[in-house]
Amino acid sequence: MTDPNEGIGGDAPQAIRKLQPGRLVIASHNKGKVREIRELLAPYGIEPVSAAELDLPEPDETGTTFVANAELKALQAADLSGLPALADDSGLCVEALGGDPGIFSARWAGESRDFGVAMRLVEDNLAAKGPDTPRDAHFVCALALAWPDGHVEWFEGRVDGTLVWPPRGDRGFGYDPMFQPIGHAETFGEMDPAAKHAMSHRADAFRQLVAAVF
């Protein structure tokens with residue numbers, strides 16, 4: 001992870017900007033992601049409002065990294081709302097698939113965002129490589145916090161695990177039911193939300209954000 005004190009695009013280092021209590025746009029239309037971020041923000045005097053609630057459009061994710069996509073979503077939401085905005089870009093990276101689906105994790109689910117289809121696609125791609133193919137994978141979460149004047153802070157978290165088949169559990173969202181974090185017997189889809197929040201890629205990024213901006 002690049003030092004979040006560094007300016008965007010190689011600018012001179014800048015001081016971390018603190019986030020004050022009040023309204024904060026969660027720059028996402030993903031209900032599961034919004035719910036999880038709301039729960040993580042609950043202790044900090046923040047009043048989250050989602051991009052969907054404000055009828056903000058979803059930008060095209062044209063970045064080539066998780067951080068770049070999180071930044072463009074946060075900057076657009078902050079500019080259009082006039083409020084600070086927090087965006088998350090996250091995905092599943094499978095080592096045997098060269099890091100795919102990676103930044104395209106949501107797109108593998110198709111226009112209908114059917115992650116049952118996406119999980120099956122991951123499994124089919126692994127199966128095509130043979131029964132001894134390693135199933136190592138990790139989740140990445142990049143958080144970008146932007147203000148209407150264009151200032152951005154970002155943080156990146158990661159959690160490692162292995163993929164199971166068939167998927168297990170109906171909690172969480174996305175690829176959670178097929179991802180079993182290292183050292184745990186349950187998938188993210190089976191875990192109590194509090195247990196997942198304590199050790200997920202998003203929780204890792206949030207710990208960094210909280211330490212820096214609150």
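Heavy-atom basis, side chains included; hydrogens, waters and symmetry copies ignored.
- Atom OG in S90 sits 10.5 Å away from atom CG in N69 (nearest 0.5 Å).
- Here D192 pairs with nothing under the salt bridge (Lys or Arg N to Asp or Glu O under 4.0 Å) rule; sequence neighbours left out.
- L86 places a side-chain heavy atom less than 4.5 Å from the side chain of L209.
- With side-chain heavy atoms closer than 4.5 Å counting as contact, directly or through intermediates, the hydrophobic cluster containing F115 also holds F66, L92, V94, L97, I103, F104, W108, M119, L121, V122, L126, F139, V140, V159, L163, W165, Y175, M178, F179, F188, M191, M199.
- In this structure, V164 stands alone, with no Ile, Leu, Val, Met, Phe, Trp or Tyr side-chain heavy atom under 4.5 Å from its own, directly or through other members.
- Here the shortest heavy-atom pairing between A142 and A70 reads O-CB, 3.6 Å.
- Between the CG atom of L75 and the NE2 atom of H151 there is a distance of 10.5 Å, given to the nearest 0.5 Å.
- A salt bridge links E53 to R38: one of the charged nitrogens lies within less than 4.0 Å of a carboxylate oxygen.
- Closest non-hydrogen pair, A78 versus A85, comes out as N-CB, 3.6 Å.
- Sorted by first and then second residue, the side-chain hydrogen bond (donor to acceptor under 3.5 Å, both in side chains) pairs with a member in residues 126-136 read E123-R135; sequence neighbours excluded.
- One distance of note links OG of S28 with CD of E58; it measures 7.0 Å at 0.5 Å rounding.
- The two atoms that bring P134 and A96 nearest to each other are O-CB, 3.6 Å, heavy atoms only.
- Qualifying side chain to side chain contact (heavy atoms under 4.5 Å, CB included) partners for S112, counting only residues two or more places apart in sequence or in other chains: D114.
- Put simply, the side chain of L19 reaches to within 4.5 Å of the side chain of P84, judged on heavy atoms.
- For the atom pair CG of L83 and CG of L24, the computed distance is 8.0 Å after rounding to the nearest 0.5 Å.
- Transitive grouping of hydrophobic side chains (ILVMFWY, heavy atoms separated by less than 4.5 Å) keeps L56 and V34 in distinct clusters.
- I26 is not connected to V49 by any chain of hydrophobic side-chain contacts under 4.5 Å among Ile, Leu, Val, Met, Phe, Trp and Tyr, and they are in different clusters.
- Hydrophobic clustering (side-chain heavy atoms under 4.5 Å, transitive across Ile, Leu, Val, Met, Phe, Trp, Tyr) keeps V25 apart from W147.
- Considering every non-hydrogen atom in both P48 and I46, the closest pair reads CD-O, 3.2 Å.
- One finds the SG atom of C141 at 5.0 Å from the CZ atom of R202 (value rounded to the nearest 0.5 Å).
- The side chain to side chain contact (heavy atoms under 4.5 Å, CB included) test applied to P57 returns Q76, L80, not counting sequence neighbours.
- No single ILVMFWY cluster, assembled from side-chain heavy atoms under 4.5 Å apart, contains both F155 and L72.
- Annotation: side chain to side chain contact (heavy atoms under 4.5 Å, CB included) contacts of R207 (sequence neighbours excluded): A203, D204.
- Sorted by first and then second residue, the ring pair (Phe, Tyr, Trp, His ring centres under 6.0 Å) pairs involving residues 19-61 (not counting sequence neighbours) are Y44-F214.
- For CG of D60, the number of neighbouring non-hydrogen atoms (other residues, nucleotides, ligands) closer than 6.0 Å is 12 at most.
- The ring pair (Phe, Tyr, Trp, His ring centres under 6.0 Å) pairs that include a residue from residues 74-102 number zero, where partners must be two or more places apart or lie in different chains.
- Across all non-hydrogen atoms, the minimal contact from S105 to G102 is OG-O, 2.6 Å.
- With sequence neighbours excluded, the residues forming a side chain to side chain donor-acceptor pair (under 3.5 Å) with R17 are D149, listed by chain and number.
- E36 places no side-chain N or O within donor-acceptor distance of the main-chain N or O of L40, the cut-off being under 3.5 Å.
- Between L54 and R23 the shortest side-chain heavy-atom distance falls below 4.5 Å.
- Of all heavy-atom pairs spanning A185 and E190, the tightest one is O-OE1, 4.3 Å.
- One finds the CZ atom of F206 at 9.5 Å from the OG atom of S200 (value rounded to the nearest 0.5 Å).
- Looking only at distances, a side-chain donor or acceptor of K73 sits under 3.5 Å from a matching main-chain atom of D88.
- Here E95 pairs with H138 under the side chain to side chain donor-acceptor pair (under 3.5 Å) rule; sequence neighbours left out.
- Residues L143 and L41 share a single hydrophobic cluster, defined by chaining ILVMFWY side chains whose heavy atoms lie under 4.5 Å apart.
- For A74, the side chain to side chain contact (heavy atoms under 4.5 Å, CB included) partners at least two apart in sequence or on another chain are A87, A144, A146.
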